[in-house]
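These numbers come from a predicted model, not from an experiment. Chain letters run A, B, ... following the sequence lines, proteins first and then strands; every chain starts at 1.
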2 protein chains.
Amino acid sequence: MKLSTKGRYGLRAIIDLALNSENGNAVCIQSISERQNISESYLEQLVRKLRTEGLVKSVRGAGGGYELARPAEKISVGDVLRALEGSIEAVSCGDDEGCCDQADLCVTRLVWDRVNKAIEGAVDTVTIAQLVEESRKKQCMGKVDTKSCAN
Amino acid sequence: MKLSTKGRYGLRAIIDLALNSENGNAVCIQSISERQNISESYLEQLVRKLRTEGLVKSVRGAGGGYELARPAEKISVGDVLRALEGSIEAVSCGDDEGCCDQADLCVTRLVWDRVNKAIEGAVDTVTIAQLVEESRKKQCMGKVDTKSCAN
DNA sequence: TTAAACTTGACAAAAATAGTAGGATATGAT
DNA sequence: ATCATATCCTACTATTTTTGTCAAGTTTAA
Ligand code: FES
Ligand code: FES
């Protein structure tokens, strides 16, 4: 029941992206890579996927990079994870492909449905914007020499 | 974010076990294997683990098998999954081993905590007894030639 | 023109999963 | 006794997934 690095790195990446692109400029892979300490090539794959799924958009050429495709308030953690992992279901007792012989009598599906719904509820109710704000608060507490920190 | 066959098969196995051992007799691996259509050898591994984790107990020798170590009401789905999977956490941003550089500033932990709690809530509030009962209901509706079906 | 940056596809090492095989041990039945 | 039935245990292997890497492009601001 583990979330792979795709989802873990990807979420960190898009938060980093949101955090560093608020003045309207694009953020390049390299800078994310350095701040988050994730391989540049690997990160590229992940961000590419976020782009094809419509969560971020790219600005090509020199001085380019990536920025959010829509406001951070409109992007949930669930959006990000689904984009990267394909599906966030713990078990997809699926429909056509019966995972066990008597799928119609199988009571474990009741459990998997509960679990899937619980997970979705947890990730769909948190937005990138909220995490960005939390991140700011922590930074504020972390850095003692920050002048602009109004308490 | 997939649950492995260990958890999926294992839950079906213990439900089968509970369902077929209510008259007090032990249930052997072979019979579970046939009913659930899971490899005997593989199933053995799983049930053995359930035993070492104290969820079922074994009766050795001819005519032996397995039975629940305690009443089905006292065994939750979470107990079973944890026994088989080790941990059901989606992400274990753990403690000593910092999964990212600035673990103390990392806001993704907030998300993973939410997800983990959601999962635990989902699996810890369902007991094997409840599933057994559901299973009975379904069987009852499924089999038209069952004499003993009141209603 | 040049260098910064994205774009793409193929590839590969490493880890986890899923399942097998074969024997040892215990015990009820004959 | 001994045999059949069943758990017990370890080790091994094949497959798949994960986790990346690499190299050769393309686009565009400066
Ligand atoms: S239908 Fe999916 S495990 Fe039974
Ligand atoms: S502390 Fe686990 S991802 Fe940051």
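Put simply, A:S58 has no side-chain N or O that comes within less than 4.0 Å of OP1 or OP2 on C:dA5. Regarding contacts with the backbone of C:dT7, a side-chain N or O of A:Y66 is found under 4.0 angstrom from either OP1 or OP2.
A salt bridge does not link B:E120 with B:K117: every distance from a Lys NZ or Arg NE/NH1/NH2 to an Asp or Glu carboxylate oxygen is 4.0 Å or more. Under a 4.0 Å N-O distance rule, the pair A:E134/A:K137 qualifies as a salt bridge.
Straight-line distance from the NZ atom of A:K6 to the P atom of C:dA16: 15 Å, rounded to whole Å. Distance CD (B:Q45) to P (C:dG23): 18 Å, rounded to an integer number of Å. Rounded to a whole Å, the NZ atom of B:K2 is 12 Å from the P atom of C:dA18. When rounded to the nearest whole Å, the span between NZ of A:K57 and P of C:dT7 equals 14 Å. Per the geometry, CD belonging to A:E44 stands 13 Å off P belonging to C:dG9, to the nearest Å. Put simply, CD on A:Q30 is 15 Å from P on C:dA3, counting in whole angstrom units. Atom-to-atom, CD1 of A:I29 to P of C:dA5 comes out at 11 Å; the value is rounded to the nearest Å. We find that OH of A:Y42 is positioned 16 Å from P of C:dA14, with the value rounded to whole Å.
For A:R60, the listed nucleotide lying nearest its side chain is C:dT7; candidates were C:dT7, C:dG22, C:dT27.
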Problem set entry | Intermediate values then yes/no, side-chain hydrogen bond (donor to acceptor under 3.5 Å, both in side chains), A:S31 and A:R35 | CA-CA 6 Å; A:S31 70; A:R35 278 188 298 268; 3.3 Å; yes
Exercise. Could you walk me through whether A:T125 and B:R114 pass the side-chain hydrogen bond (donor to acceptor under 3.5 Å, both in side chains) check?
Worked result: CA-CA 10 Å; A:T125 53; B:R114 271 175 73 95; 2.4 Å; yes
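When DNA chain D is scanned in the 5' to 3' direction for atoms under 4.0 Å from non-hydrogen atoms of chain B, the outermost contacting nucleotides are D:dT5 to D:dA11.
Using a distance-only test at 3.5 Å, with no hydrogens or angles considered, a donor-acceptor pair links the side chain of B:T127 to the main chain of B:Q130. A side-chain donor-acceptor contact under 3.5 Å links A:R70 to the backbone of A:K74. Checking side-chain atoms of B:S76 against main-chain N and O of B:D79 turns up a donor-acceptor pair under 3.5 Å.
Between B:A62 and B:E85, the residue whose closest nucleotide on DNA chain C is further toward the 5' end is B:E85. Heavy-atom distances to DNA chain D give each of A:S41 and B:C28 a nearest nucleotide, and the one nearer the 5′ end belongs to B:C28. With DNA chain D read from its 5' end, the first of the two nearest nucleotides for A:E40 and A:G63 is the one closest to A:E40.
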